[in-house]
Amino acid sequence: MENLCKNYVIAIDGEAGTGKSTLAKSIAKKYKIVYMDTGAMYRCVTLEMLNNDISMDDVEKIEKMLDDIKIEIRNDDDEDKFFLNGKDVTKKIREQKVNDNVSQVSHIPIVRERMVELQRKLANGKKIVMEGRDIGTNVFPNAQVKIYLTASAHVKAKRRYEQNKEKGINIPFEEIYNNVVFRDNNDKNSNVAPLKKAADAFELDTTNYTLDEVENIVVNKIKEKVALND
Ligand code: DC
């Protein structure tokens, strides 16, 4: 078995609502490795742009904002909390106005460049499970494990809806469905780090599986490539 004690990156990419977060979090917790939600970073940048009325084509202002922005992830009571310039924005970054803008913001070249830089820096020297859209293709093209998840649009929207409900966020199903379809299309058709399966990724359609089943399949795949500490 390779990588018995070495650091490694497990890249989990895929469409919105395919269960990436739940899966990545659970694997990180069980096997005591670091978890990183890269989508939340793009959400923090989006919130900062909305808060300061920065337009998507104002590259100068965006660059200045990125020079000053401070995004922190703190693990609090088993829950990852996101802090934007010192303020807890864990809930705010899931609001609809962020959902509506994050896909476009995440494909602004300078935003992508800075976030990828930060993600590589934060992962340095760690065993890490990193979840996003371009981890296996762009952030860590040499990741030891690459997983790519898909699901039907209806199932993706339903999972997001339930997830929001659990967090006390009330967004109508129809709105979520439309947003999921819009974002996946936008993420796939972007010129900047589009969402696509890396050639060497293991692809799993999760439509007909429970989250536990997905986890079983994925963990077995991971164990073919790196040693997880049970
Ligand atoms: O995983 P999420 O739904 O929180 O991600 C929010 C948006 O950020 C999503 O529409 C695509 C974008 N994103 C990205 O382009 N690249 C990543 N590595 C992570 C997220």
Side-chain angles (χ1 to χ4, degrees), residues 9-25 28 35-50 56 62 66 71 73 80-82 84 89-123 128-141 143 146-151 153 155-164 166-167 169 171 175-198 201 206:
V9 174
I10 299 170
I12 302 187
D13 290 305
E15 301 158 350
T18 46
K20 295 188 302 294
S21 303
T22 316
L23 173 69
K25 261 187 239 170
Y35 162 64
M36 194 182 294
D37 174 0
T38 60
M41 294 180 177
Y42 291 104
R43 287 174 178 273
C44 285
V45 173
T46 305
L47 182 63
E48 184 67 358
M49 283 178 62
L50 290 168
M56 302 231 192
I62 295 174
L66 289 167
I71 299 171
I73 311 158
D80 275 336
K81 293 208 161 164
F82 281 84
L84 172 60
V89 293
T90 314
K91 250 191 164 169
K92 270 217 150 353
I93 58 171
R94 307 285 160 193
E95 285 181 0
Q96 195 56 29
K97 64 178 196 297
V98 175
N99 289 344
D100 289 341
N101 290 281
V102 65
S103 179
Q104 295 95 307
V105 169
S106 74
H107 295 294
I108 298 170
I110 184 72
V111 171
R112 177 71 47 172
E113 191 183 307
R114 295 289 183 89
M115 289 303 112
V116 168
E117 208 177 281
L118 181 62
Q119 288 152 18
R120 289 184 182 143
K121 201 168 113 191
L122 290 173
I128 190 161
V129 53
M130 196 181 267
E131 171 229 325
R133 302 292 189 291
D134 64 336
I135 312 305
T137 52
N138 182 38
V139 185
F140 285 105
K146 297 183 187 178
I147 308 290
Y148 187 81
L149 302 181
T150 63
V155 162
K156 288 186 289 187
K158 196 158 172 274
R159 287 181 187 156
R160 265 289 141 104
Y161 178 77
E162 301 294 340
Q163 218 173 43
N164 281 345
E166 265 171 40
K167 289 181 184 157
I169 303 166
I171 303 174
E175 222 171 292
I176 294 184
Y177 181 90
N178 291 336
N179 180 256
V180 160
V181 172
F182 164 77
R183 276 201 297 142
D184 282 344
N185 280 334
N186 203 56
D187 292 342
K188 284 178 188 169
N189 293 312
S190 162
N191 289 327
V192 179
L195 168 64
K196 66 168 192 262
K197 177 190 165 300
T206 66

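Note that ligands are numbered from 1 as they come in the structure, with each ligand's atoms numbered from 1 the same way.
- Between the side chains of Asn179 and Glu175, no donor-acceptor pair of N or O atoms lies under 3.5 Å.
- Residue contacts with ligand 1 do not include Met130, since none of its heavy atoms lies under 4.0 Å from the ligand.
- Nearest protein neighbour of atom 19 (C) of ligand 1, counting heavy atoms only, is Thr38 OG1, 3.4 Å.
- Within the model, atoms CD of Glu15 and OH of Tyr148 stand 5.0 Å from one another, a figure rounded to the nearest 0.5 Å.
- Inclusion of Asp37 in the set of residues having an N or O under 3.5 Å from an N or O of ligand 1 is not warranted.
- Of the protein's heavy atoms, Ser106 OG, 3.4 Å lies nearest to atom 12 (C) of ligand 1.
- For atom 17 (C) of ligand 1, the nearest non-hydrogen atom of the protein is Arg133 N, 3.3 Å.
- For ligand 1, none of its N or O atoms has an N or O atom of Tyr42 under 3.5 Å away.
- Exactly one of Asp13, Val116, Ile135 qualifies for a side chain to side chain contact (heavy atoms under 4.5 Å, CB included) with Thr38. That residue is Ile135.
- Considering backbone and side-chain atoms together, Asp134 places an N or O closer than 3.5 Å to an N or O of ligand 1.
- Scored by the side chain to side chain contact (heavy atoms under 4.5 Å, CB included) test, Ser103 finds His107, Arg183, Asn186, Asp187 as partners (sequence neighbours excluded).
- The 12-atom threshold is exceeded at NZ of Lys197, counting heavy atoms of other residues, nucleotides or ligands nearer than 6.0 Å.
- No side-chain N or O of Ser190 forms a donor-acceptor pair with one of Arg112 less than 3.5 Å apart.
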### Task
Go through the steps to decide whether Phe82 and Ile73 satisfy the test side-chain contact (heavy atoms from CB on, under 4.5 Å), and finish with yes or no.
CA-CA 5 Å; Phe82 281 84; Ile73 311 158; 3.4 Å; yes

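- When only non-hydrogen protein atoms are considered, atom 11 (C) of ligand 1 lies nearest to Asp187 OD2, 3.2 Å.
- The one candidate from Lys81, Lys20, Arg94, Lys25 that meets the salt bridge (charged side-chain N to carboxylate O under 4.0 Å, His left out) condition with Asp37 is Arg94.
- Every atom of ligand 1 is numbered from 1 in the order shown, and the set under 4.0 Å from a heavy atom of Ser103 is 10 (O).
- Counting the atoms of ligand 1 from 1 in the order shown, those under 4.0 Å from a heavy atom of Val102 are 6 (C), 7 (C), 8 (O).
- Looking only at heavy atoms of the protein, atom 20 (C) of ligand 1 is closest to Gly39 CA, 3.5 Å.
- Contacts with ligand 1 closer than 4.0 Å are made by no heavy atom of Met115, backbone or side chain.
- Counting heavy atoms closer than 4.0 Å to ligand 1, residue Arg112 contributes side-chain atoms (C-beta onward) but none from N, CA, C or O.
- Within ligand 1, the atoms closer than 4.0 Å to a non-hydrogen atom of Arg94 are 4 (O), numbered from 1 in the order shown.
- Residue contacts with ligand 1 for Arg183 involve side-chain atoms from C-beta outward but no N, CA, C or O (heavy atoms, distance under 4.0 Å).
- The CZ atom of Arg159 sits 3.5 Å away from the OG1 atom of Thr206 when rounded to the nearest 0.5 Å.
- Heavy-atom proximity to Arg43, at under 4.0 Å, picks out these atoms of ligand 1: 2 (P), 3 (O), 4 (O), 6 (C).
- Defined by atom type and a distance below 3.5 Å, a donor-acceptor pair is present between the side-chain atoms of Asn99 and Arg43.
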